[in-house]
Amino acid sequence: MNDLLIDAETLASWLAKGRDVVVLDARARLQDAEAGRALWQESHVPGAVHADMDRALSAPPSAEGGRHPLPSHEQFAAQLRAWGITSQCDVVVYDDMGGALAAARAWWMLVWAGHPSVHVLDGGWQAWRHGDHPIESVAPEPSPSDWQPTFDDDLIATTEDVARGDAVLLDARPGERFRGEKEPIDPAAGHIPGARSLPAGSLVDQQARFLSPDELAQALPQGDNTISYCGSGISACQIILACAVLGRPLPRLYPGSWSAWSSDPSRPVATGA
């Protein structure tokens with residue numbers, strides 16, 4: 001996890017020196033499945049391939065899996081090979097939401113797949129543009145690899161794990177959704193009983209860069225049995241990424257998150273703070 005977060009100048013240096021690096025553009029808009037790809041087609045970091053949230057980083061929605069289930073091992077392994085990713089290269093992921101929306105999800109999935117050197121561009125697309133680094137609109141044509149990932153499913157929490165009630169649950173959604181004041185997407189408003197509210201957006205500053213280690217340490221509870229969730233397993237990865245930045249044990253991801261939990265009306269729901 002060393003140099004997990006890298007700045008735009010470091011990425012620019014790696015690319016200029018011809019370092020073996022695959023860049024994933026994970027920009028996405030949950031309200032518009034085509035918007036992320038359109039942004040990538042308009043302009044992106046040179047050589048970046050698009051990591052589409054719905055096509056590459058998720059399987060089709062289901063009641064059990066939620067709105068953004070994880071793809072199967074075989075599906076994601078094939079996608080990683082198509083992007084030209086090997087176990088020897090570096091991978092850098094970015095979005096334009098400070099990692100909270102999609103870059104953290106892509107990072108987590110690569111960790112899940114066993115990749116040893118995955119980095120997140122701190123500040124994302126905005127930091128790249130602010131530094132006046134080169135951009136391009138041409139779609140790259142990566143050479144497929146033959147990498148065979150080894151997945152670590154111990155990083156995943158199931159609905160049964162959550163229901164057991166022996167883990168610290170961290171809810172990465174905005175506070176109003178946690179409290180049940182607003183629920184624009186899922187079947188019920190509120191949160192999983194016993195969960196703590198820790199909005200993913202609170203872990204980055206106004207420039208979409210991660211808070212300092214001291215600030216992250218104050219925001220993140222410690223514990224060896226922690227599960228992170230959100231609406232559909234995307235922004236929850238921001239909490240996991242922040243723990244990795246601190247060198248702490250990684251919380252497990254509940255991929256189905258609130259969208260899966262709330263799909264069953266027999267499951268308990270809590271509201272308020």
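Numbers here simply count residues along the sequence, with the first being 1. Just so it is clear, the structure is predicted and the values come from calculations on it, not from any experiment.
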Do [X] and [Y] sit within salt-bridge range, that is, some charged N less than 4.0 Å from a carboxylate O?
{"X": "D146", "Y": "R81", "answer": "no"}
{"X": "R252", "Y": "D161", "answer": "yes"}
{"X": "R209", "Y": "D7", "answer": "no"}

Within a radius of less than 6.0 Å around CG of D224, do more than 12 heavy atoms belonging to other residues, nucleotides or ligands occur?
->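 12 or below, so no.
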Around atom NE2 of H73, are there more than 12 heavy atoms of other residues, nucleotides or ligands at under 6.0 Å?
-> yes
State whether W258 and R173 meet the cation-pi test: NZ (Lys) or CZ (Arg) under 6.0 Å from the six-membered ring centroid, and within 45° of the perpendicular axis.
->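 Judged by the rule (NZ or CZ under 6.0 Å from the ring centre, within 45° of its axis), R173 counts as positioned above W258.
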In the structure I gave you, are the side-chain heavy atoms of [X] and [Y] within less than 4.5 Å of one another anywhere?
{"X": "L211", "Y": "V204", "value": "no"}
{"X": "L250", "Y": "T226", "value": "no"}
{"X": "H119", "Y": "L5", "value": "no"}

How are the rings of F178 and H191 set to each other: parallel, tilted or perpendicular (split at 30° and 60°)?
->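 Judged by the thresholds at 30° and 60°, the geometry between F178 and H191 is parallel.
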Using the ring of each side chain (for Trp, its six-membered ring), is W112 parallel, tilted or perpendicular to F76, with breaks at 30° and 60°?
-> parallel
Correct closest heavy-atom pair for L57 and A106 would be CD1-CB, 4.0 Å
Which pair of heavy atoms, one from A217 and one from R248, lies closest together, and at what distance?
-> O-NH2, 3.4 Å
Classify the side-chain pair H68/S58 by whether it contains a donor and acceptor separated by less than 3.5 Å.
->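 Not at all, the side chains of H68 and S58 share no donor-acceptor pair under 3.5 Å.
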All N/O donor-acceptor pairs, side-chain side in residues 265-273, below 3.5 Å, sequence neighbours left out:
residue: S266; atom: OG; partner: D264; partner atom: OD1; Å: 2.7
residue: S266; atom: OG; partner: D264; partner atom: OD2; Å: 3.3
residue: R267; atom: NH1; partner: A260; partner atom: O; Å: 3.0
residue: R267; atom: NH1; partner: W261; partner atom: O; Å: 3.2

Contacts of D95 that satisfy salt bridge (Lys or Arg N to Asp or Glu O under 4.0 Å) - sequence neighbours left out | none
Listed once per pair and sorted, the ring pair (Phe, Tyr, Trp, His ring centres under 6.0 Å) pairs that draw on residues 203-247, sequence neighbours left out = none
